[in-house]
Amino acid sequence: MKTLKNVKVGETATVARLHGEGPVKRRIMDMGITKGVEIYVRKVAPLGDPMELNVRGYELSVRKSDAEMIEVQ
């Protein structure tokens, strides 16, 4: 299973599935990350956390722990 955490800087991935429970999953969906959405990884902080993404035309920072819950193709 490939997750958003494994996507390299400069690559684009498509969301296949969201893992996680209740409020955490809801928060990810509220950020606009839903099945079928393309996510472009802009950069990753020097220590690896957080990741800066482009989703639906806006910039978003996501923690690595949240990125692990997003399965991509």
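What you see below is based on every heavy atom in this structure, not just the backbone, and it leaves out hydrogens, waters and symmetry mates.
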ask   = Does R27 CZ have over 12 foreign heavy atoms under 6.0 Å away?
value =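 Counting other residues, nucleotides and ligands, CZ of R27 exceeds 12 neighbours.
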ask   = With no hydrogens and no angle check, is any side-chain donor or acceptor of D49 less than 3.5 Å from a backbone partner on R63?
value = no
ask   = Is there a donor-acceptor pair closer than 3.5 Å between any side-chain N or O of R56 and the backbone N or O of G32?
value = yes
Distance (rounded to the nearest 0.5 Å) between L4 CG and E68 CD =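 Answer rounded to 0.5 Å: 10.5 Å.
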inquiry  = Return the CD1 to NZ distance between I70 and K25, rounded to the nearest 0.5 Å.
reply    = 11.5 Å
Are [X] and [Y] close enough that some pair of their side-chain heavy atoms sits under 4.5 Å apart?
{"X": "V37", "Y": "T14", "result": "no"}
{"X": "L18", "Y": "K35", "result": "no"}
{"X": "K2", "Y": "Q73", "result": "no"}
{"X": "T3", "Y": "M1", "result": "yes"}
{"X": "M51", "Y": "K64", "result": "yes"}

message = I'd like to know if Y40 and V62 are part of one continuous hydrophobic network [Ile/Leu/Val/Met/Phe/Trp/Tyr, side-chain heavy atoms within less than 4.5 Å].
response =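 No: no chain of side-chain contacts under 4.5 Å links V62 to Y40.
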query = Among all residues two or more places apart in sequence or in another chain, which pass the side-chain contact (heavy atoms from CB on, under 4.5 Å) test with E52?
reply = R42, K43, E59, S61
task = Pick out which of I33, T34, V15 makes a side-chain contact (heavy atoms from CB on, under 4.5 Å) with I28.
result = I33
